[in-house]
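Computed from a predicted model, the values in this text were never measured in an experiment. Just follow the structure's listing: the first ligand is 1, and inside any ligand the first atom is 1.
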Amino acid sequence: MSRHPTIIQGGMGIGISSWRLARAVAQLGQLGVVSGTALDQVLARRLQDGDPGGHMRRGLDHFPFPSMAERVWERYYVPGGKPESQPYLSLPKHSQDSPRELVELCIVANFVEVTLAREGHENPVGINYLEKIQIPHLPSLYGAMLAGVLYVLMGAGIPMKIPGILDRLAQHEPATYTLQVAGAQEGDDTTIAFAPRDFAGCELPPLFRPHFLAIVASNTLAAALQKKANGRVDGFVIEGPTAGGHNAPPRGKLQLNEAGEPIYGERDTVDLGRLRELGLPFWLAGGCGSAEKLREALAAGAAGVQVGTAFAFCAESGLREDYKQALLKKAMRGQATVFTDPVASPTSFPFKVARLEGTLSEQEDYLARPRVCDVGYLREAYRTAEGTIDYRCAGEPVTVYVSKQGKTEDTAGRKCLCNALLANIGHPQARGGKYAEKGLVTSGDDLSKISYFLPPGKSAYTAADVIAKLLNG
Ligand SMILES: Cc1cc2nc3c(=O)[nH]c(=O)nc-3n(C[C@H](O)[C@H](O)[C@H](O)COP(=O)(O)O)c2cc1C
C-alpha cells in the first residue's frame, strides 16, 4: 500500500468499535478499526440475543470453512433471543489448552467482525488487540486475516513477537506465543501453540500479511520494537495519557494527585525528534480529536492521528444508547467528568472512567455487585506450587484470589471490566433473576468536548460528523 490513512478510528473494546463503526469510518476513506477484544463472547451473545438484523448470519455465510461456522451457529443461536432475565451461556475460559470449541469460536468471531466491517466498500479495515490478553491472539489473528484485515494494531503490552506471527499465519503455518506466567521457572512450558491447518477445512492460498502498528507511549519502546521485534513493524501509534481506555502508567514511582489520579510528568513526554529518526510512519493519539490537533500532528511529521473518544459516542458506536445519550447530555451541560483510576483495571494499568450514575463508576453500584469472575480475559497466568499453570484475576472474590498466591492489597478497588464492558454494549450477564451486570464507561479526557460534534439542533452525531470536523474544522 502506498498511502496510509490520515485518521485512524482507534480500536475500542469491548465492542465499542464494532463492525458498524469501523465500516462507517472505512467507507469515508479513513481507517476503521474493529476491537478484537473478547469477540468470541460478543458473537456468542449476539447470537443468543437472536442475531437482530441477521448480520452475524450474513458474516458466517462468508466463512471459508462452512461446517465450523455451522457449529458456532448451532451452539449459540437462540431464535427470537433469550429472555432478558436468563443468563447467557458461560463460555469456557481461555487457557494454555483452550478447548477446540473456544478456539473455533475465536477464529469465526474475528472473521465475522472484519468481514462485516469490510462490506460495501474497498477501503482498508484494521483490528485492535491488547497484548496483555495473550491467550486468544493466535486464533483471533488468523480469523481476522482470513477476512482480509489490512492493519493489526496492538498496545497494552510489548508486542515483540506479533510481527513474526503475522508472517507465519499468512502462510497458514503453525505459530507459537509465549505466555507471561508469574513466577515461571526455567524449563516451564509457557508456550501457546496454534496450527491453522488443524482447523482449516481446505487448502487456501496465502493470506495478506497485515501492516502491523504498535501502540506505545514512548519513543524508546518504539525504537526497541523496530530493532528487536521478530518481524516487520510498519509504524506506531503514540498514545498519551489523556487517551480513553487503558493508559500506560507514568514512568518511575507511581504518584497520585489529590483526586487520586496518577501524575504524569516530563519523563512521560515522547521525544518526537527521536521518533522521526526511526523513519516509520506514526500517528498521535490522546486528545487529538480536532482539526487543530490534526494539523499540529501533521506539522510534527506524523502521518495523522488516532482518535477514540469522539467516535465512542457517535451514532454507529456499539455503546448502549442510554449511556451514550446520558454522557452526551452531561457533556452539553459541562458536567462530564473522567477519572483516571489507578486500580480499577485488573491489569493494573491506569484505566479512564467516565462518571455516570447507575454504572460501576459509582461506589454504591460497585459495592452492590456480587464479586464474580466468570468471563476471565484479564486473568493472569501464574505458576502453582505444583509447577503447573493456573489463572487468577485481581477482580475475582478476594478469598479465591488469595488462595491462588494473590495479595489481598492487589484486590482493593478492582472492577470486573469483562462483565462491565459487555454490559456497556447491551449484553449484560443476568444473575439468577436478581442482578444484571452494570456497565463502566471508559472515555478520554476529551469527553467534555464531544458535544462539539453535534450538528446544530441535533441530539446525536455520526462518524461522518467527526471526520468532517477533523478534516475541515
Ligand atoms: C471507549 C474506549 C475504549 C478503548 N479501548 C481500547 C482498546 O480496547 N484497545 C486500545 O488499544 N485502545 C483503546 N482505546 C484507546 C483508543 O483506541 C484511542 O487510542 C484513544 O481513545 C485516543 O485518544 P482519545 O480518546 O483522546 O481520542 C479506547 C478508547 C476509548 C474511548
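The closest side-chain donor-acceptor pair between His94 and Tyr391, if any, does not fall under 3.5 angstrom. A donor-acceptor pair shorter than 3.5 Å cannot be found between the side chains of Tyr142 and Asn110. Side-chain N/O atoms of Asp446 and Tyr452 include no donor and acceptor closer than 3.5 Å.
The protein atom (non-hydrogen) at minimum distance from atom 21 (O) of ligand 1 is Gly308 CA, 3.2 Å. From the protein, the heavy atom lying nearest to atom 4 (C) of ligand 1 is Met12 CA, 3.4 Å. Here the protein heavy atom with the shortest distance to atom 20 (C) of ligand 1 is Ala243 CB, 3.8 Å. Here the protein heavy atom with the shortest distance to atom 8 (O) of ligand 1 is Gly13 N, 3.1 Å. Looking at atom 26 (O) of ligand 1, its nearest protein heavy atom turns out to be Gly287 N, 2.7 Å.
Atoms of ligand 1 found under 4.0 Å from any heavy atom of Gly10, numbered from 1 in the order shown, are 17 (O). Atom numbering of ligand 1 starts at 1 in the shown order; those under 4.0 Å from a heavy atom of Gly11 are 4 (C), 5 (N), 6 (C), 7 (C), 9 (N), 10 (C), 12 (N), 13 (C), 14 (N), 16 (C), 17 (O), 28 (C). Of all atoms in ligand 1, listed by their number and element, those nearer than 4.0 Å to a heavy atom of Asn128 are 7 (C), 8 (O), 9 (N), 10 (C), 11 (O). Remark: ligand 1 atoms within the under-4.0 Å shell around heavy atoms of Gly286 are 22 (C), 23 (O), 26 (O). Which parts of ligand 1 touch Thr442 is read off a 4.0 Å heavy-atom cut-off, strictly below it: atoms 1 (C), 2 (C), 3 (C). Close approach to Ile215 involves these atoms of ligand 1, each under 4.0 Å from a residue heavy atom: 11 (O).
Between Lys438 and Leu356, the closest side-chain pair of non-hydrogen atoms is not below 4.5 Å. Considering only heavy atoms from C-beta on, Arg23 comes within 4.5 Å of Glu119 through its side chain. A 4.5 Å side-chain heavy-atom check between Asp465 and Lys458 finds every atom pair outside the cut-off.
Residues His137 and Phe194 keep their aromatic ring centres 6.0 Å or farther apart.
Atom CG of Leu454 sits in a crowded spot, with more than 12 heavy atoms from other residues, nucleotides or ligands closer than 6.0 Å.
Under 4.0 angstrom from ligand 1, there are no non-hydrogen atoms of Val237. Contact annotation: for Glu239 versus ligand 1, heavy atoms closer than 4.0 Å belong to the side chain alone.
Between Glu321 and Lys324, at least one side-chain N (NZ, or NE/NH1/NH2) sits under 4.0 Å from a carboxylate O, which counts as a salt bridge.
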Q: Walk me through it: do Arg20 and His55 pass the test side chain to side chain contact (heavy atoms under 4.5 Å, CB included)?
A: CA-CA 10 Å; Arg20 223 181 233 111; His55 305 296; 3.4 Å; yes
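Residue Gln306 has at least one N or O atom closer than 3.5 Å to an N or O atom of ligand 1. For ligand 1, the polar-atom distance check finds no N/O of Gly155 at less than 3.5 Å from any of the ligand's N/O atoms.
Nearest residue to atom 15 (C) of ligand 1 from Ala354, Gly244, Ser290 is Gly244 (criterion: closest heavy atom). Residue nearest to atom 25 (O) of ligand 1, selected from Ile133, Ile14, Thr309, Leu130: Thr309 (by heavy-atom distance).
At distances below 3.5 Å, at least one donor-acceptor pair connects side-chain atoms of Tyr323 with backbone N or O atoms of Gly439.
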